[in-house]
Protein chains: 4
Amino acid sequence: MGSVKTRRMPRAVREQQMLDAAVKTFGQRGYMAASMDEIAELAGVSKPLVYLYLNSKEDLFTACIRREAAALTEAVRAGVRPGLGADRQLWDGLCAFFTHTARNPDAWAVLHLQARTHPEPFAAEVAAMREEIVAFVTQLIVAAARQAHRDPDLPEREVAGLAEALVGAAESLADWANTTPGVSARQAATTLMNFAWAGLGSLMEGRSWSPPDHGRESSAP
Amino acid sequence: MGSVKTRRMPRAVREQQMLDAAVKTFGQRGYMAASMDEIAELAGVSKPLVYLYLNSKEDLFTACIRREAAALTEAVRAGVRPGLGADRQLWDGLCAFFTHTARNPDAWAVLHLQARTHPEPFAAEVAAMREEIVAFVTQLIVAAARQAHRDPDLPEREVAGLAEALVGAAESLADWANTTPGVSARQAATTLMNFAWAGLGSLMEGRSWSPPDHGRESSAP
Amino acid sequence: MGSVKTRRMPRAVREQQMLDAAVKTFGQRGYMAASMDEIAELAGVSKPLVYLYLNSKEDLFTACIRREAAALTEAVRAGVRPGLGADRQLWDGLCAFFTHTARNPDAWAVLHLQARTHPEPFAAEVAAMREEIVAFVTQLIVAAARQAHRDPDLPEREVAGLAEALVGAAESLADWANTTPGVSARQAATTLMNFAWAGLGSLMEGRSWSPPDHGRESSAP
Amino acid sequence: MGSVKTRRMPRAVREQQMLDAAVKTFGQRGYMAASMDEIAELAGVSKPLVYLYLNSKEDLFTACIRREAAALTEAVRAGVRPGLGADRQLWDGLCAFFTHTARNPDAWAVLHLQARTHPEPFAAEVAAMREEIVAFVTQLIVAAARQAHRDPDLPEREVAGLAEALVGAAESLADWANTTPGVSARQAATTLMNFAWAGLGSLMEGRSWSPPDHGRESSAP
DNA sequence: AATGAATGAGCGTTCATTCAT
DNA sequence: CATGAATGAACGCTCATTCAT
């Protein structure tokens, strides 16, 4: 499919072709199960050329992670307009996120599934991206707390946990939306906003849920 | 550790040793990167014995998934007392969940990370467990809605999305709690309850977040 | 099938059961492809018992060859009555041979196919049997020559070649009769007698076929 | 022998080297006992190259069978000149056959011994060749019958049995000639012609050997 | 700019064989 | 008399990687 043998292409183009093939293969097979043969064939080049341009399998996978992480964060960043309110920014970011992951399922599989299974050199790459997103969300939460005329006296770790939960829910919903047919990016974003925003809001108004210490019974929500 | 060469053990015991070693190795290396040699050595037996008792690498991994999935669901089930309120059940379940994942990080890695990267024979195994948990959470949400004297007129898909988001947040917090030093299971559970319970509550009271259609501005939480 | 677990049998019986299973397995799978596990299971005993009674796979195979070679030669010997004429003796021997190979196809496969593919320790065993049969046939040919009032001035090597050809034709016809449905032992024997006897006869009357030396044309038979 | 490490050969050449080594190894060890390591080493290449060119052990063996079967049938075909009489054609074919098997003993072992011990994928290959030869011989027999001004009223199965016997005798004599020192191809062919031709001739003149039904005595040849 | 030819190292799997009971 | 438990050694096959052109 599309394997029209067009030789003698400039290096930058060839590299992108290789990365495309690699992302597809890594995303579907996983890092270990993907073979350089398959990637080279899918890219329409010979194996030595892959090694000439991207030094090793490890470097190739790292390049995939970097490219796709940049593309994802860029997509989210481009979807958010800075002037608007915190909830609107969060909504826009989530829409961009779900749209991008839906359009690039292999890339999302690389970032979310495959890269995390091999901690040594790869998880650090994707962790950087994730932390960037978590920081962005954290800042939104803090901004929302300010917007609610409340001192952001939420302890830092608590905010970190909330952001982690929010991002985790988003990741899980991305998989869910990709797997379940007929779930659009907007629907996924709506679900998450409904789930999270009120909780965050009441949290900021001081109405936090308290754990039942020593066998106390808790009330309904 | 404890690799005293104690020969001639009954089969059932040896099998558990092998599964222990396999869970550890699979959880840390991933399915493909884990070698049967390493597993056998860690189990303190020779490779042929592993093949004699657990027919193949695939079967071994499946056995790991099954055992750990059963252990996790059993731990959650044992932590929940049926008579109590929905929020208390959810809290207890989350505590049990975070406690179990914290005590069995390799098992959690197998279930959450490794099993999902090889869809063909394994994802189905873990998907069954996940659906069981999602169903449990869904039932809690519906129960909470009833408890709030509200007709559970939430559309089915909406509830499914909420449960997915909740479980995803829990999974993500489990990783976070395992990685971040000093975060206890109770703290993770508290964070998630804070994050989710109010949101669910306001949702049930009809105050749902509405997406900004065509450029409408939304309000602060 | 027939695996009624009858423990504690006398050694001689067990050995025969093992040899039965071994002949069947070796005959169908070949020496290398047959596994001791399969043989032990088919014999209804545990593997160590096989090693206790028949020391190794090699010895087991040798024992199979010996038993079946003896059975075959005994069957042929029993079919031949010494007082009769040479052609009748040959006919009776062939009938006995084809009958035995048809009734014991696995044994025949062991002797004719499997044992010959591994020259080092096994071919010698079966070669002994074969030479015994070739000698018997040779003696018949010589007797027939005497019976025809001819001096057996056939050179020794020529007689050896004839016997070899006759035995080879018989072996090939045994396979053919086993494979082709509806070919009885008598039919195979008749075919071979028709094929060979007249040739031998005219040979002894001095009418031998002469090779076309240096481009000479030969006549029709 | 000749194991000068000459690297970088074109694929076609390497493939023939590999097939040479494989035929030798398979012919001497048998299919199961031959190891790919040994074949690769004998071919002077590394194992992966063998797998790159000839996909598997099974395919390699099949390729050996095909090449050697084609070579053998071609040698026989090339030795027979169509215009001559049936006996001359048979003689020429036998000479070519015995010459080829004597010059390529390993190839003959592959075809005659090794390929027949593993029926599932291999026997069909060699059976095709054998049937081709049997058909050729059958046609010669029928032609000879016509040449003798006799209606070929031999029943079809009878002719098939005769051809089978003739081919079997030839195969056996090939082994015998290969094993016994000082037996030339012409001598083997002469022996077989003497053995078979007169028998066929008298058969066609209606003088067929009749089996002794119910204890009748038979006469000398 | 690009490739055909080639390999060292390792993995999943199997098997004949033994030990302790 | 008989076996459950266990292994050293090897085999078929694959893969990331390089060299020579």
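The structure presented is a predicted model; accordingly, all values stated were derived computationally and were not measured. Just so you know, these numbers use all the heavy atoms, side chains as well, and skip hydrogens, waters and symmetry mates. Convention: sequence-line order gives letters A, B, ...; per-chain numbering from 1.
- Between the C1' atom of F/dA6 and the CD atom of B/E15 lies a distance of 14 Å, rounded to the nearest Å.
- Between D/R14 and E/dA6, a side-chain N or O to OP1/OP2 separation shorter than 4.0 Å is present.
- D/M18 contributes atom CE, which lies 12.0 Å from atom OH of D/Y51 (distance to the nearest 0.5 angstrom).
- Residue contacts shown for D/A34 are limited to sugar-phosphate atoms, with no base heavy atom under 4.0 Å away.
- With a cut-off of 3.5 Å on both pairing distances, the Watson-Crick and G-U wobble pairs of DNA chain F assemble into stems of 3 or more at E:2-21 with F:2-21.
- Atoms CE and CD, on B/M9 and B/Q16 in that order, are 11.0 Å from each other to the nearest 0.5 Å.
- In the set F/dC1, F/dA16, E/dC15, the nucleotide with an atom closest to the side chain of C/R11 is F/dC1.
- Judged by distance alone, the side chain of A/Q114 and the main-chain N or O of A/A109 form no donor-acceptor pair under 3.5 Å.
- With the nearest nucleotide of DNA chain F identified for both C/P10 and C/K47, C/P10 has the one nearer the 5' end.
- Atom CD of A/E15 has more than 12 neighbouring heavy atoms from other residues, nucleotides or ligands inside a 6.0 Å radius.
- Computed from coordinates, the D/R8 CZ to E/dA5 C1' distance equals 4 Å when rounded to whole Å.
- Rounded to whole Å, atom P of E/dA5 lies 13 Å from atom CD of D/Q17.
- Between the side chain of C/K57 and the backbone N or O of C/A34 there is at least one donor-acceptor pair closer than 3.5 Å.
- D/R67 contributes atom CZ, which lies 4.5 Å from atom CG of D/L19 (distance to the nearest 0.5 angstrom).
- Distance, A/M32 CE to E/dG10 C1': 11 Å, rounded to whole Å.
- Taking atom CD of residue C/E38 and atom P of nucleotide E/dA16, one finds them 10 Å apart after rounding to whole Å.
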Exercise answer: donor-acceptor pairs, residues 58-66 of chain B side-chain atoms, under 3.5 Å, sequence neighbours excluded:
| residue | atom | partner | partner atom | Å |
| --- | --- | --- | --- | --- |
| B/T62 | OG1 | B/E58 | O | 2.9 |
| B/R66 | NE | B/E125 | OE1 | 2.9 |
| B/R66 | NH2 | B/E125 | OE2 | 2.8 |

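- No more than 12 heavy atoms of other residues, nucleotides or ligands lie within 6.0 Å of CD in D/E41, so this atom counts as exposed by the packing criterion.
- For the pair A/R29 CZ and F/dA16 C1', the interatomic distance rounds to 17 Å; values are reported in whole Å.
- If you take CG on C/L54 and CG on C/L49, they are separated by 9.5 Å, rounding to the nearest 0.5 Å.
- For residues 48-60 of chain C, proximity to DNA chain E is found at C/P48, C/Y51, C/S56, C/K57, defined as any non-hydrogen atom under 4.0 angstrom from a strand atom.
- Whole-Å rounding puts the A/D37 CG to F/dA16 P distance at 7 Å.
- What separates CE of A/M18 from P of F/dA16 is a distance of 16 Å, to the nearest Å.
- Remark on DNA chain F: of its neighbouring residues B/S46 and D/A33, the 5'-side contact belongs to B/S46, judged by nearest-heavy-atom nucleotide.
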